[in-house]
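Computed from heavy atoms alone, side chains included, the values below leave out hydrogens, waters and symmetry copies.
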Amino acid sequence: MTGPVPTPEEAYDGILLGLDAAAAATAHSWLVPDDFADPSLAAIHTLVGALAGQGIAPDPTSVLALARSSGMLTTADSIAALAMQLADLYGCTAVAANVRYYAVGALADAYRRRTAEMAARLEQIADHAELDELTRVRLHESAELDTLHARLVALQGDRQLRAVPAA
């Protein structure tokens with residue numbers, strides 16, 4: 001984990017590791033691998049989805065076994081690293097009842113990250129691209145952000161993340 005308190009991505013994946021197959025399949029559907037900043041968490045998310053889709057509870061041992069049998073892990077070091085990460089995620093103090101809230105937090109982080117990435121891409125091409133190309137890229141990037149935002153709004157429903165007023 002990144003620190004003593006898990007990030008929303010870590011808490012979300014950690015909770016998925018403790019759910020039964022049906023609950024994991026439902027919660028898994030809220031995020032896609034591209035929503036994760038950490039590629040290892042995206043890989044774990046993919047493995048969890050594969051297991052839950054087969055009706056198998058995605059506990060850490062099952063996830064590790066699937067990663068090994070699928071050829072994802074090819075060295076002793078990669079096996080040990082994933083085993084340690086799964087243990088850390090499974091042992092984090094996240095609350096299962098908050099899995100949707102963690103997913104919302106992870107999607108909000110993804111939205112912010114992708115907005116910054118879009119700005120960087122537009123800045124890179126703004127000086128040299130033809131205006132038609134710049135417009136095409138901007139519209140494409142904006143459409144992807146709009147889709148992500150719509151997923152975020154749908155998932156959070158009436159439980160929007162709001163800043164806490166200063167005391």
Side-chain angles (χ1 to χ4, degrees), residues 1-3 5-17 24-54 58 63 66-75 77-79 81-82 84-86 88-89 92 94 98-166:
M1 289 192 316
T2 57
V5 175
T7 65
E9 290 181 350
E10 292 167 334
Y12 170 78
D13 264 3
I15 293 300
L16 293 181
L17 297 172
T26 298
H28 175 270
S29 71
W30 299 335
L31 298 182
V32 298
D34 284 346
D35 294 332
F36 291 85
D38 183 337
S40 65
L41 292 174
I44 290 169
H45 181 75
T46 299
L47 293 165
V48 164
L51 289 167
Q54 296 174 38
V63 171
L66 178 58
R68 290 184 75 179
S69 69
S70 69
M72 176 186 276
L73 305 174
T74 57
T75 67
D77 286 344
S78 64
I79 293 167
L82 181 60
M84 183 62 78
Q85 185 176 25
L86 289 167
D88 285 347
L89 292 172
C92 76
N98 290 339
V99 66
R100 185 181 203 102
Y101 191 73
Y102 303 144
V104 167
L107 269 181
D109 289 348
Y111 183 74
R112 291 176 190 281
R113 185 177 60 256
R114 288 193 190 158
T115 299
E117 291 167 357
M118 178 186 85
R121 281 191 289 275
L122 291 175
E123 183 177 14
Q124 288 172 353
I125 68 167
D127 288 336
H128 65 275
E130 297 289 331
L131 291 181
D132 288 346
E133 175 65 9
L134 180 58
T135 300
R136 186 192 64 74
V137 171
R138 182 190 55 80
L139 290 173
H140 173 76
E141 295 281 341
S142 293
E144 287 190 0
L145 274 177
D146 289 346
T147 299
L148 178 57
H149 186 258
R151 288 177 46 226
L152 174 59
V153 169
L155 184 59
Q156 68 188 0
D158 61 352
R159 296 182 185 144
Q160 294 186 10
L161 295 176
R162 295 192 186 343
V164 178

Rounded to the nearest 0.5 Å, what separates atom [atom1] in [X] from atom [atom2] in [Y]?
| X | Y | atom1 | atom2 | answer |
| --- | --- | --- | --- | --- |
| Leu145 | Thr115 | CG | OG1 | 4.5 Å |
| Leu152 | Leu31 | CG | CG | 10.0 Å |
| Leu122 | Ser142 | CG | OG | 7.0 Å |
| Trp30 | Gln156 | CH2 | CD | 13.0 Å |
| Leu148 | Met118 | CG | CE | 11.5 Å |
| Ile79 | Leu73 | CD1 | CG | 5.5 Å |

**Report entry** Test side chain to side chain contact (heavy atoms under 4.5 Å, CB included) applied to Gln124 and Val137, step by step
**Finding:** CA-CA 11 Å; Gln124 288 172 353; Val137 171; over 6 Å; no
Min side-chain heavy-atom separation [X]-[Y] under 4.5 Å:
| X | Y | answer |
| --- | --- | --- |
| Gln85 | Ser40 | yes |
| Leu89 | Leu41 | yes |
| Glu9 | Asp35 | no |
| Phe36 | Tyr12 | yes |
| Asp34 | Arg114 | yes |

Which residues pass the side chain to side chain donor-acceptor pair (under 3.5 Å) test with [X], sequence neighbours left out?
| X | result |
| --- | --- |
| Arg113 | none |
| Glu144 | His140 |
| His149 | none |
| Thr75 | Ser78 |

Closest heavy-atom pair and its distance - [X], [Y]:
| X | Y | answer |
| --- | --- | --- |
| Glu10 | Val5 | OE1-O, 4.4 Å |
| Leu134 | Ala126 | CD1-CA, 4.1 Å |
| Ala37 | Pro39 | O-CD, 3.4 Å |
| Ala27 | Leu16 | CB-CD2, 3.4 Å |
| Ala11 | Cys92 | CA-SG, 4.4 Å |

Requested in this report: Would you confirm whether Arg100, through its side chain, and Leu155, through its main-chain N or O, come within 3.5 Å as a donor-acceptor pair?
Outcome: yes
Query raised in the report: Within the distance-only criterion (no hydrogens, no angle test), does the side chain of His28 pair as donor or acceptor with the backbone N or O of Ala52 below 3.5 angstrom?
Result: no
Query raised in the report: Crowded around Arg151 CZ? As in, over 12 foreign heavy atoms under 6.0 Å?
Result: yes
Query raised in the report: If you count the non-hydrogen atoms of other residues, nucleotides and ligands that lie under 6.0 Å from CG in Leu139, is the total more than 12?
Result: yes
Query - Test salt bridge (Lys or Arg N to Asp or Glu O under 4.0 Å) applied to Arg136 - qualifying residues, sequence neighbours left out - result: Glu133
Report summary line: Those residues at least two apart in sequence (or on a different chain) that pass salt bridge (Lys or Arg N to Asp or Glu O under 4.0 Å) with Arg138 are none
Report summary line: With Val48 as partner, the option from Thr46, Leu51, Ile44 fulfilling side-chain contact (heavy atoms from CB on, under 4.5 Å) is Ile44
